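Values in this document were obtained by computation on a predicted structure and should not be read as measured data.
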There are 2 protein chains.
Amino acid sequence: MSKAARTKQLIIEKAAPLFNTKGVAGTSMSDILTVTKLAKGSLYVHFENKENLVHEVVDYQLGRLSEVVRTTMGRQKTAKAQLFAYIDLHLDPMQPPLLGGCPLLNFGTEADDTNEVVRKKVNAVVEGAQQNFRRIIEAGIANDEFKPDWNASEFATKLFAMVEGGILMTRVAQNNQAMKLIAGVLKKEIEENAA
Amino acid sequence: MSKAARTKQLIIEKAAPLFNTKGVAGTSMSDILTVTKLAKGSLYVHFENKENLVHEVVDYQLGRLSEVVRTTMGRQKTAKAQLFAYIDLHLDPMQPPLLGGCPLLNFGTEADDTNEVVRKKVNAVVEGAQQNFRRIIEAGIANDEFKPDWNASEFATKLFAMVEGGILMTRVAQNNQAMKLIAGVLKKEIEENAA
DNA sequence: CCAATAAGTGACCGATTGGTCAGTAATCAT
DNA sequence: ATGATTACTGACCAATCGGTCACTTATTGG
């Protein structure tokens, strides 16, 4: 890894939690200078402008989320265990896998009517997540883990929506009461559809 | 209504959609001057500072949301029709009742780790909404509209989480496919619990 | 109607914003 | 090892940020 590549990576990694907690508009280039301990000009060696940096940070952060989800679910063998692992990963949104919380929620709500590029990046991951759930459920049906009449894409959407809604509720309430209930509800439905 | 009160109200009403679409950090006092066609100093006659204005705008916007929900649900007579009305109100998040979309989602995600005051205001409305659902379900149970064993507070949380999650999904996808599915799922569960 | 009071104006403030660039230091291929 | 390239610095830029204030204009209670 070249010096340039390392510095660029450093900037992205240090900037990511800032953007994710304070938002894109709420984070200045100076904020990033502070945490990276670099000089102004150096930022602009690696990134054309703020918008450009934001794009790469969003890619990085969404990539990290995807990776965490993939490896966490991937450790499980059965379809049911994989779905449970996803739910458990989100059980305490006050101690989220990524500093500042779910980037889909954070970047998604900020970008939805201000930043088309970011909006599309978020949407791709949202759709990918649902597709992933659907695939797992369908595989579970195929190997007799789940009842054959379980509506895979319906539960996939439901699962994603409830978890994101639960994250919002937890973060504004600052306690994961709602999320614990939601996790229970989702797990119960999965159990009920075991073959 | 005094001149002062009218001007203050004008500022709040014009500022609300700005904050709700571009976010608090993304909206400048100058943006508000533009839409109100007032001079700089005039803003500060009615509001001590930006933070103060934000608080009042958030109150106003959350109040409007609550009012829309209350009157829409209030028009219905049965408990089931009231819950359906809430769902239908959110059927197309691209054409939301409030410009910029759900202020709980927008202000909630921006404020959760940057603005305690706003976070608490949002949380109060989130809890109020769930309480409202629970009350309606319990009333429905009491008058034999719903099965007596239906878990009211569980469905209340579920309903809220799924709708907010659905709003997020719709806004990043720019189509309400997910929300239509979610609405169907929620209505089905309500029907299943009819006595 | 007419003071007294309050609303509204816009030039101005220091600080901060995103961004540039000439010069310097470090890296890296030969 | 050295020369060419590239990373880095930090002073500097115009524009904009949130906010102030002396002043003018409008409102309002008696």
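Regarding Lys37(A), its NZ atom lies at a distance of 17 Å from the C1' atom of dC8(D), rounded to whole Å. In this structure, CG of Leu33(B) is placed 11 Å from C1' of dT9(C), rounded to the nearest angstrom. Nucleotide dG19(C) holds its C1' atom 13 Å from the CG atom of Leu53(A), rounded to whole Å.
Note on Tyr44(A): a side-chain N or O is less than 4.0 Å away from OP1 or OP2 of dG19(C). An OP1 or OP2 oxygen of dA7(D) is reached within less than 4.0 angstrom by no side-chain nitrogen or oxygen of Lys3(A). Contact annotation: Ser30(A) side-chain N/O to dT17(C) OP1/OP2 distance is under 4.0 Å. For dA6(C), the OP1/OP2 oxygens have no side-chain nitrogen or oxygen of His46(B) closer than 4.0 Å.
When each of dA7(C), dA7(D), dC17(D) is scored by its nearest atom to the side-chain atoms of Ala4(A), the top-ranked nucleotide is dA7(D). For Ser28(B), counting side-chain heavy atoms from C-beta on, the closest listed nucleotide (dC17(D), dA7(C), dG19(C)) is dC17(D). Nearest to the side-chain atoms of Thr7(B) among the listed nucleotides dA7(C), dC17(D), dG18(C) stands dA7(C). Closest approach to the Met29(B) side chain among dA7(D), dG18(D), dT9(D) is made by dG18(D) (side chain taken as heavy atoms from C-beta onward). Nearest to the side chain of Lys50(B), among dG19(D), dC8(D), dG19(C), sits dG19(D).
Of all heavy-atom pairs between Lys8(B) and His46(B), the closest is CE-O, 3.8 Å.
In the interface, the side chain of Lys40(B) is paired with the base of dG18(D) through a donor and an acceptor atom under 3.5 Å apart.
Using cut-offs of 30° and 60° for the angle between ring planes, the Phe146(B) and Trp150(B) rings count as perpendicular.
For the pair Lys80(A) and Phe84(A), the distance from NZ or CZ to the six-membered ring centre is under 6.0 Å and the angle to the ring normal is within 45 degrees. Judged by the 6.0 Å and 45° rule, Lys121(A) forms no cation-pi pair with Phe107(A).
In this structure, Leu38(B) reaches the sugar-phosphate backbone alone: every heavy-atom distance under 4.0 Å involves primed, P, OP1 or OP2 atoms, never a base. Note on Thr27(B): only backbone sugar-phosphate atoms sit closer than 4.0 angstrom, heavy atoms only; bases stay farther off.
Mapping Arg6(B) and Ala25(B) onto DNA chain D by nearest heavy atom places Ala25(B) at the nucleotide closer to the 5' end.
Between Glu189(B) and Lys158(B) there is a salt bridge, with a side-chain nitrogen of the basic residue lying less than 4.0 Å from a carboxylate oxygen of the acidic one.
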